[in-house]
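Quantities reported herein were computed from a predicted structural model and do not represent experimental measurements.
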Amino acid sequence: MSEEKKILDSTLEEVTGGAGGWEKFAKGSYVNYGSYIVYTVAPGDVLSGIALRFGVTVAQIQQWNNIKNANLITVAQKLTIYPKTVR
């Protein structure tokens, strides 16, 4: 578990570090449309981890995708995300 924490901490530094830094941390597949991406949920993904990778909040992902329960996402689900680094 401590190894996972270390990876997430470094991810946060990269996301806030500059434009495009989030791309190398996305585990699922995605399509970049410039101002937003469409992310496909991968096995083991949770909204908090996805939010951290893209420099946004769980609440934002929920709002953008009309998700009522943050604990209910499924593998292969498509999520629209507006990463801070490309806005």
Side-chain angles (χ1 to χ4, degrees):
M1 192 74 162
S2 62
E3 185 64 26
E4 182 179 344
K5 176 78 169 133
K6 184 177 180 184
I7 291 169
L8 293 177
D9 286 346
S10 65
T11 301
L12 180 60
E13 291 170 12
E14 283 296 323
V15 167
T16 58
W22 54 268
E23 290 175 330
K24 60 186 164 188
F25 296 104
K27 291 183 181 179
S29 62
Y30 61 91
V31 178
N32 187 339
Y33 291 99
S35 63
Y36 70 97
I37 64 161
V38 175
Y39 179 79
T40 303
V41 176
D45 272 338
V46 292
L47 280 186
S48 59
I50 296 168
L52 182 62
R53 277 183 243 140
F54 294 106
V56 298
T57 67
V58 170
Q60 287 174 313
I61 294 175
Q62 286 183 266
Q63 179 183 0
W64 296 328
N65 295 279
N66 197 30
I67 297 172
K68 303 293 183 216
N69 185 339
N71 297 313
L72 294 177
I73 60 171
T74 59
V75 172
Q77 182 176 352
K78 307 283 188 202
L79 300 174
T80 299
I81 301 173
Y82 298 86
K84 288 182 182 178
T85 56
V86 294
R87 273 197 280 177

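Paired with Leu79 under the rule side chain to side chain contact (heavy atoms under 4.5 Å, CB included), one option of Thr40, Ile37, Ile67, Asp45 passes, and it is Ile67.
For the atom pair CG (Leu47) and CG (Leu72), the distance works out to 9.5 Å, reported to the nearest 0.5 Å. To the nearest 0.5 angstrom, Arg53 atom CZ is 9.0 Å from Ile81 atom CD1.
Ring orientation note: the planes of Trp64 and Tyr82 are nearly perpendicular, at an angle over 60° on the 30°/60° scale.
When all heavy atoms are compared, the tightest approach of Ala51 to Thr57 is CB-C, 3.7 Å. What you find for Gln62 and Lys68 is that their closest heavy atoms are NE2-O, 3.5 Å.
When the side chains of ILVMFWY residues are joined at heavy-atom separations under 4.5 Å, either directly or via intervening members, Val31 and Val75 end up in two distinct hydrophobic clusters.
With a 4.5 Å cut-off on side-chain heavy atoms, Ile50 and Ile73 count as touching.
Checked against the 6.0 Å centroid threshold, Tyr39 and Phe54 count as a close aromatic pair.
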